[in-house]
2 protein chains.
Amino acid sequence: MLQHSILDTLPRELRKEALESIQVMRFPPGKILFRAGEHCQGLPLMLSGAIKVQMTGVSGNSIVLYRMGADDICTLSIGCLMTGYGYRAEAIVDEEAEAAMVPRGLFDRLMDQSAAFRLGIMESYGRRLDDLMLLVEEVAFRRMDERLEEWLQARRSPIHITHQELAVELGTAREVVSRLLKELERKGRVSLARGKIDVSG
Amino acid sequence: MLQHSILDTLPRELRKEALESIQVMRFPPGKILFRAGEHCQGLPLMLSGAIKVQMTGVSGNSIVLYRMGADDICTLSIGCLMTGYGYRAEAIVDEEAEAAMVPRGLFDRLMDQSAAFRLGIMESYGRRLDDLMLLVEEVAFRRMDERLEEWLQARRSPIHITHQELAVELGTAREVVSRLLKELERKGRVSLARGKIDVSG
DNA sequence: TCCGTTCAGTGATAAAGTCACATTGACCCA
DNA sequence: TGGGTCAATGTGACTTTATCACTGAACGGA
């Protein structure tokens, strides 16, 4: 169950302690791992699956910030744990996910004793930073029709999603997505059905 | 010169090594520390001053992502060093800054041997993540007139800045800033001069 | 089959971004 | 000291995106 995870790289002693004190959990799609404002209940180290992190603005609009995959450690939880503040965003499972919940004490020991673990942390942070920088640029400067088309092209057709969910992916309003999709349909690029988008080509 | 920096917390031996191998540098306002695409020349650990990090989109528009201050370590440089990719953004000095340039080897040793240093790194990452998440929300959902007014209120009047520079701070177009400022002037909230904004109240 | 609910479509209007060009102010320098 | 130059600002026209207020269509029970 822990095969191919970053924990495999630990020296024998530490690995033993890790395997004893961590709790492996399995989450179904749609499961909410945490909500904005809640406090950290442990550091999830992802073993498999995909989890999206999204935030909701004061206006009530939401946007997907980034996704976590295997070997990512939840950087938001680290921050939450360090500062004692609540989460600023929420995490929702996309694809059935397994995660090792690492207790605080073990986290500190891993940071102290394993260079590989530290590297994993830094990589997770690096990816998050990169994701967010790219997102800022997208949201600030790119056209919505281009972003929508790219999003659609990046998945396998047919795509099962509502316009509202797609709006959250892109950080815009549902009406905007509906109109742009209708326009794409008129151009023959997609065909639309309730909760489903077929991309041509 | 290194008083009150994170390096003070190091154990004697490590501190000695640090003081020998780091190079303290001083940068004047306007100095460009690095540009997009360049490769990392060392990890800056800021001792004083303020540095802004901004990125330019494919469209040619720019936006300020966040600012670094004393005790921040440049997370962008860490990522750059780890992955070997070039910088995705550029860093420009706002207020005269001093920074200790930490060589790769020392960085690794500090990570390995100083919990305080690790904590500093994590805090820097945490702040960056937080800054960027807030920025995404701002850019995606908030009205430009509100953002502009908040930005103005957060400084001491008179503010010496051009509309173009202000546009980069907010991630919008110069014309938008000019129009919104003119509107504020009509309402008596500011008075405008070339390169200067006086905020009333 | 009716009913409630979620999902999608759309007109009207406002806010923001883009393009093109006019005007203004600061400064240099002959 | 009067031009000349250039960066900074102003603005009209138009497009894109966001918001508000609905309407209608599809689905899933009861």
Side-chain angles (χ1 to χ4, degrees), chain A residues 30 55-64 135-152 158-187 189-199, chain B residues 30 55-64 135-152 158-187 189-199:
Chain A
M55 92 185 293
T56 300
V58 279
S59 58
N61 299 21
S62 299
I63 183 170
V64 171
L135 182 59
V136 168
E137 203 261 345
E138 282 233 348
V139 171
F141 303 129
R142 300 206 39 221
R143 293 183 45 136
M144 199 50 79
D145 52 359
E146 286 174 15
R147 294 179 56 209
L148 175 59
E149 283 221 60
E150 275 177 29
W151 195 96
L152 294 173
I159 306 170
H160 292 276
I161 193 171
T162 67
H163 296 185
Q164 176 57 54
E165 288 165 337
L166 195 32
V168 172
E169 291 287 334
L170 299 172
T172 182
R174 198 262 315 158
E175 299 92 312
V176 173
V177 170
S178 289
R179 274 193 257 264
L180 290 174
L181 281 174
K182 249 320 175 229
E183 185 60 29
L184 284 178
E185 192 178 44
R186 273 190 283 277
K187 289 184 192 162
R189 317 283 284 274
V190 301
S191 64
L192 304 175
R194 190 188 174 86
K196 182 162 82 84
I197 303 171
D198 279 286
V199 182
Chain B
M55 91 185 294
T56 300
V58 280
S59 58
N61 299 22
S62 299
I63 182 170
V64 171
L135 182 58
V136 168
E137 204 259 345
E138 281 233 347
V139 170
F141 303 129
R142 299 205 42 219
R143 294 181 44 139
M144 197 52 78
D145 52 358
E146 286 174 14
R147 294 179 55 211
L148 174 59
E149 284 222 56
E150 274 177 29
W151 196 96
L152 294 173
I159 306 170
H160 292 275
I161 192 170
T162 67
H163 297 185
Q164 177 58 52
E165 288 164 338
L166 195 33
V168 172
E169 292 286 336
L170 298 172
T172 183
R174 197 265 313 159
E175 298 92 312
V176 173
V177 170
S178 288
R179 273 193 258 266
L180 290 174
L181 281 174
K182 248 319 173 231
E183 184 60 29
L184 284 178
E185 191 177 43
R186 271 190 285 276
K187 289 184 190 160
R189 317 283 283 276
V190 300
S191 65
L192 304 175
R194 194 186 174 87
K196 182 161 81 84
I197 303 170
D198 279 286
V199 182

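Every chain is numbered from 1 and lettered A, B, ... according to where its sequence line falls, protein lines coming before strand lines.
B:E175 pairs by the side chain to side chain donor-acceptor pair (under 3.5 Å) definition with nothing, not counting sequence neighbours. Residues that satisfy the side chain to side chain contact (heavy atoms under 4.5 Å, CB included) test with A:D198, not counting sequence neighbours, are A:S157, A:P158, A:S191, A:K196. Applying the side chain to side chain contact (heavy atoms under 4.5 Å, CB included) test to B:T172 and every residue at least two apart in sequence or in another chain returns B:M144, B:A167, B:L170, B:V176, B:V177. Under the salt bridge (Lys or Arg N to Asp or Glu O under 4.0 Å) criterion, A:R147 pairs with A:E138, sequence neighbours left out. In this structure B:R174 satisfies the side chain to side chain donor-acceptor pair (under 3.5 Å) test together with B:S178, sequence neighbours excluded. Listed by chain and residue number, nothing satisfies the side chain to side chain donor-acceptor pair (under 3.5 Å) test with A:Q164 (two or more places apart in sequence, or in another chain). Here A:R189 pairs with A:E149 under the side chain to side chain donor-acceptor pair (under 3.5 Å) rule; sequence neighbours left out. For A:E183, the salt bridge (Lys or Arg N to Asp or Glu O under 4.0 Å) partners at least two apart in sequence or on another chain are A:R186.
Proximity of a side-chain donor or acceptor of A:E185 to a complementary backbone N or O of A:V190 within less than 3.5 Å is not detected. With hydrogens and angles ignored, the 3.5 Å screen pairs a side-chain donor or acceptor of B:E137 with a backbone N or O of A:V58.
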Could you go through nucleotides 10-12 of chain D and list every protein N or O atom that sits under 3.5 Å from one of its N or O atoms, giving the distance for each pair?
| unit_1 | atom_1 | unit_2 | atom_2 | d |
| --- | --- | --- | --- | --- |
| D:dG10 | OP1 | B:K182 | NZ | 3.0 |
| D:dG10 | N7 | B:R174 | NH1 | 3.0 |
| D:dG10 | O6 | B:R174 | NH2 | 2.9 |
| D:dG12 | N7 | B:R179 | NH1 | 3.2 |
| D:dG12 | O6 | B:R179 | NH2 | 3.0 |

Would you list the protein and nucleotides 1-6 of chain C atom pairs, both N or O, that sit under 3.5 Å from each other?
| unit_1 | atom_1 | unit_2 | atom_2 | d |
| --- | --- | --- | --- | --- |
| C:dT6 | O2 | A:R194 | NH2 | 2.4 |

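Residues from residues 142-151 of chain B placing a heavy atom under 4.0 Å of any atom in DNA chain D do not occur.
The nearest whole Å value for the distance from the CD1 atom in A:I159 to the P atom in C:dA8 is 13 Å. One interatomic measurement links the two molecules: CG of B:L180 to P of C:dA15, which rounds to 10 Å at whole-angstrom precision. The interatomic distance linking A:Q164 (CD) with D:dT19 (P) rounds to 12 Å, in whole Å. Following rounding to the nearest Å, A:K196 (NZ) and D:dA25 (C1') show an atom-to-atom distance of 17 Å. In this structure, the CG atom of B:L166 is 13 Å from the P atom of C:dG17, given to the nearest Å.
The phosphate of D:dT19 (OP1 or OP2) has a side-chain N or O of A:N61 nearer than 4.0 angstrom.
Between B:L166 atom CG and B:L181 atom CG the span is 6.0 Å, to the nearest 0.5 Å.
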